[in-house]
Amino acid sequence: MQPKKKTNINTAAQRRLQQELQKKRMQKIMWITGSCIVVLVILLLVIKPSSNETTAEFAYDQLPVIGDASAPVKIVEFGDYKCPACQGFSQSFKPQIVKDYVDKGLVSFYYMNYLVISPETDSNTAALAAQAVYHQSNEEFWKYYHVLYDNQQDERKEWATPEYLVELAREAKLDIDYDKLAKDIADKTYQKEVDEQMKFASSLDIRSTPTVYINGQKLADGSSYASLTKEIDAAIASKNAVKEEK
């Protein structure tokens with residue numbers, strides 16, 4: 001009988017030992033899991049940018065503008081004159097923005113170049129032509145803006161040649177010096193400006209056109225006019241709230 005009792009005692013001891021080991025393993029797993037959660041939370045807090053960090057600072061006084069520059073809400077469009085989506089924006093959204101907001105003094109609308117279709121060739125040439133027109137007349141720039149988009153051709157073709165760009169300006173009867181326009185295109189007078197705008201867009205991690213900013217904040221969803229007006233209205237409301245507080 002003695003051997004049997006000894007076996008029972010050993011079995012109970014082994015069971016307790018296993019339970020202790022299991023308990024320690026569970027504690028270790030819980031500690032590791034908890035540590036991982038804490039590290040993950042810290043990483044999310046560090047990596048997630050604050051709203052201040054995502055606000056872009058634009059040199060508005062150096063950009064083509066339509067509307068009252070002192071309007072409470074400022075919209076900047078980044079575009080490429082060869083971009084089909086930009087053409088759509090220029091023909092639908094932009095005129096509606098002007099009607100609903102710019103003409104009422106609520107919004108000023110600006111334009112910057114970000115070349116995505118043919119940055120080394122005629123997207124750049126078209127941007128140079130537009131900048132040249134802008135430096136002759138801000139008002140005529142916006143006419144030319146629509147002329148370029150309305151006469152946009154197949155993005156796969158190199159259609160925005162210097163000759164054609166000057167011809168478009170003549171046909172639109174822009175109130176500018178056409179010879180100066182041709183010379184500015186040929187001499188790439190405003191290449192530095194285009195390059196600086198490209199560099200600025202890259203610093204904002206812009207990857208497509210059109211990309212729209214409202215009071216320095218990137219528009220997350222520009223797929224519909226409703227989503228665009230929602231953000232514009234929110235920006236106007238925010239400005240009005242700040243004004244009332246003062």
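- Side chain of Glu140 to backbone of Ile176: no donor-acceptor contact under 3.5 angstrom is found.
- Side-chain rings of Phe58 and Tyr110 stay apart, their centers remaining 6.0 Å or farther from each other.
- Checked by atom type, the side-chain pair Asp187/Thr189 shows no donor-acceptor distance below 3.5 Å.
- Counting only heavy atoms from C-beta outward, the side chains of Val212 and Phe93 never approach each other to under 4.5 Å.
- Between Asn113 and the choices Glu193, Gln131, Glu196, the side-chain hydrogen bond (donor to acceptor under 3.5 Å, both in side chains) rule is met once, by Gln131.
- Expressed to the nearest 0.5 Å, how far OH of Tyr114 lies from OG of Ser202 amounts to 4.5 Å.
- Looking at heavy atoms from C-beta onward, Lys183 lies out of side-chain contact with Asp179 at the 4.5 angstrom threshold.
- No continuous path of hydrophobic side-chain contacts links Leu63 to Tyr101 [ILVMFWY only; heavy atoms under 4.5 Å].
- Asn124 and Gln191 are linked by a side-chain donor-acceptor pair at a separation below 3.5 angstrom, with hydrogens and angles left out of the test.
- Inter-residue side-chain proximity for Tyr81 and Ile117 is flagged as unmet; no heavy-atom pair is nearer than 4.5 Å.
- In terms of hydrophobic clustering, with Ile, Leu, Val, Met, Phe, Trp and Tyr side chains grouped at heavy-atom distances under 4.5 Å, Val65 and Leu174 are assigned to different clusters.
- Remark: the Tyr225 side chain and the Asp100 side chain contain an N/O donor-acceptor pair separated by less than 3.5 Å.
- You'll find the side chain of Glu158 stays beyond 4.5 Å of the side chain of Ser118, heavy atoms only.
- There is a side-chain donor-acceptor pair under 3.5 Å between Gln91 and Asp150.
- At a cut-off of 3.5 Å, with distance as the only test, a side-chain donor of Ser123 or Asp80 sits close to an acceptor on the other residue.
- Residue Ile206 is grouped with residue Val116 when hydrophobic side chains (ILVMFWY) are merged at heavy-atom distances under 4.5 angstrom, including chains of intermediate members.
- Checking side-chain atoms of Asp68 against main-chain N and O of Gly105 turns up no donor-acceptor pair under 3.5 Å.
- Between Asp184 and Leu128 there is no side-chain heavy-atom pair separated by less than 4.5 Å.
- Side-chain atoms of Lys218 never come within 3.5 Å of backbone atoms of Tyr213 as a donor-acceptor pair (strictly under, hydrogens ignored).
- Using a 4.5 Å cut-off on side-chain heavy atoms (C-beta onward), Val73 and Leu106 make no contact.
- Judged purely by atom type and a 3.5 angstrom limit, Asp177 uses its side chain to pair as donor or acceptor with the backbone of Lys180.
- Taking 4.5 Å as the limit, some side-chain heavy atom of Tyr144 sits within range of a side-chain heavy atom of Leu165.
- Under the 30°/60° scheme for interplanar angles, the aromatic rings of Trp142 and Tyr111 are found to stand perpendicular.
- Between Arg156 and Asp154, at least one side-chain N (NZ, or NE/NH1/NH2) sits under 4.0 Å from a carboxylate O, which counts as a salt bridge.
- Checked for salt-bridge contact, Lys199 and Asp195 miss the test: no charged N lies under 4.0 Å from a carboxylate O.
- Ring-plane geometry between Tyr145 and Tyr149 is classed as perpendicular, the angle between the planes exceeding 60 degrees on a 0 to 90 degree scale with a lower cut at 30.
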Exercise. Assess whether salt bridge (Lys or Arg N to Asp or Glu O under 4.0 Å) is satisfied between Glu167 and Arg170, documenting all intermediate values.
Key: CA-CA 5 Å; Glu167 179 186 341; Arg170 289 182 183 276; over 6 Å; no
